[in-house]
There are 2 protein chains.
Amino acid sequence: MAATSARARTQSDRSSEMQQKLIAATIQSLIDKGYARTTAVEVCARAGVTRGALFHHFESLPALIAVALSDTYDRLLLGSRPSEADITIEQWITWAWSRVSQRQFKAVIEIWLASRNDPESTADIQPAIERYKEIFTPSESNPLYKRFGSDKKAGAFYRLAVETMLGLALGRAANPNGAALDHEQIVLDQLCAYAREIDTQ
Amino acid sequence: MAATSARARTQSDRSSEMQQKLIAATIQSLIDKGYARTTAVEVCARAGVTRGALFHHFESLPALIAVALSDTYDRLLLGSRPSEADITIEQWITWAWSRVSQRQFKAVIEIWLASRNDPESTADIQPAIERYKEIFTPSESNPLYKRFGSDKKAGAFYRLAVETMLGLALGRAANPNGAALDHEQIVLDQLCAYAREIDTQ
DNA sequence: TTACATACATTCACGTATGTATGTAAATGG
DNA sequence: CCATTTACATACATACGTGAATGTATGTAA
């Protein structure tokens, strides 16, 4: 009953479905168990497959993690990017925090920190990390920054706001169940207050 | 030539010297190799002793890490706390960053994030983590906060500044050799600018 | 100097992770 | 419809980390 397209299950369908299952299981494992305990056994158990499937589609676990990171990147940050035309800094903060505060972002932080210490995986994962950082790193290729970067103070505040939100995200990641810090809203309100100062200037 | 007090090496001397050696090796391993690769084997190799020594003085590796964390806490943060009498917020930021920017702080972040995911160690380490957070968490027991917390805006900024510095510290920890981010100084300058606004109010 | 406690070193038994080699079922193409 | 490839599962070899058991050296008190 379930699969209406059950008959058209081509090889390439099986492949991409399996890969998506493994990617989802990887991210969830990173959130639940952290980087060190995200093993091939753990990921495959969550996906309901054997390690044979993983090693068929990916060269190694770090290779899978790298793909999972890029996938999360696209899904979380690029998909819903606000139009750069007439956005205020306050609106940008609201948008950015709505992304960074997602549970999936803990997976990103885990990878940032832990993969750096893992020589077996750093070669695979580092390129994906660099891609990730671009969106928050002001540069000419970043349309949002071009909007704010012209003004010196706005540019400095842009970078400050990013670091503040990363600090809050780190606090969530280090908290038992990823719960928000008590003073999270206070910090965000203060950040928005500073943003409005610049917006109304 | 080295040890002038070579003759007075009592048992308790040997113990505390060994414990200090193990603590130092643990912190350095956390900085160099991260939490997951800080094993009992690794720590003992750095300290130049066998695992027998470690397990003689500490119940387990997590227990040693917990002690190392508390030790770093005292050394890094409590030792040089500024006098709360007439400090400005800008001075406080300068002091706090001079602490958080130390390489040893990467060890703290590693523990914050990774030990949470390690059920074997969380019972040992969590109490030490709680101790750590107090100094940055505004509360009645925190003399620095009492100085700023009376003013609502100053209190909000205090918390914001902490999160911003933690974000910068995370960036350093995730960087190859713990190098500073390119825009670190820009963010700190902006933070100080906001601090002066409140100080001169 | 004898008797004991403390401080370590050595060894081994065990669990768990990785990578690979081999087997089998499901698609695809002639 | 059969040959071949693709997609997985199973089994095994290897490596590494932990913890406990046991052995040895060094300090300490009678």
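On a predicted model such as this, the values are computed, not experimentally measured, just so you know. Proteins come first, then strands; the chains are lettered A, B, ... in the order of their sequence lines, and each starts at number 1.
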With the side chain counted from C-beta on, respond yes when B:Arg37 and A:Pro119 share a heavy-atom pair under 4.5 Å apart, and no when they do not.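 Counting from C-beta outward, B:Arg37 and A:Pro119 do come under 4.5 Å.
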For residues A:Leu54 and A:Leu64, determine if any side-chain heavy atom of one lies less than 4.5 Å from a side-chain heavy atom of the other.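 A:Leu54 reaches A:Leu64 side chain to side chain.
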Quickly work out the [X] [atom1] to [N] [atom2] distance and round it to whole Å.
X        : N      : atom1 : atom2 : result
A:Arg37  : D:dG17 : CZ    : C1'   : 14 Å
B:Glu120 : C:dT16 : CD    : P     : 10 Å
B:Leu22  : C:dC8  : CG    : P     : 9 Å
A:Tyr35  : C:dA17 : OH    : C1'   : 14 Å
A:Ile65  : C:dT18 : CD1   : C1'   : 13 Å
B:Glu42  : D:dG17 : CD    : C1'   : 12 Å

Member of B:Asp32, B:Thr26, B:Thr38 meeting the side-chain hydrogen bond (donor to acceptor under 3.5 Å, both in side chains) criterion with B:Arg46: B:Asp32
Check whether the side chains of A:Ser121 and A:Tyr35 place a donor and an acceptor atom closer than 3.5 Å, and report yes or no.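 Indeed, the side chains of A:Ser121 and A:Tyr35 share at least one donor-acceptor pair under 3.5 Å.
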Determine, for B:Lys33 against B:Glu42, whether the closest basic-nitrogen to carboxylate-oxygen distance falls under 4.0 angstrom. yes
Only Watson-Crick and G-U wobble pairs with both distances less than 3.5 Å should count. Give DNA chain D in dot-bracket notation, marking inter-strand partners with |. ||||||||||||||||||||||||||||||
Heavy-atom closest contact (B:Ile31 atom, B:Lys106 atom, distance):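 Smallest heavy-atom distance, with atoms named: O-NZ, 2.9 Å.
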Report, as a single string ordered 5' to 3', how protein heavy atoms within less than 4.0 Å touch nucleotides 7-15 of chain D: B base, S sugar-phosphate only, - not at all. BBBB-----
Candidate nucleotides D:dG19, C:dA17, D:dG17, ranked by approach to the side chain of B:Val41 - the nearest: D:dG17
Start with the C-alpha distance between A:Asn117 and B:Glu110, add both sets of side-chain angles, then the distance that settles side chain to side chain donor-acceptor pair (under 3.5 Å), and finish with yes or no. CA-CA 10 Å; A:Asn117 297 318; B:Glu110 287 279 344; 2.8 Å; yes
Of all residues at least two apart in sequence or in a different chain, which pass the salt bridge (Lys or Arg N to Asp or Glu O under 4.0 Å) check with B:Asp74? B:Arg131
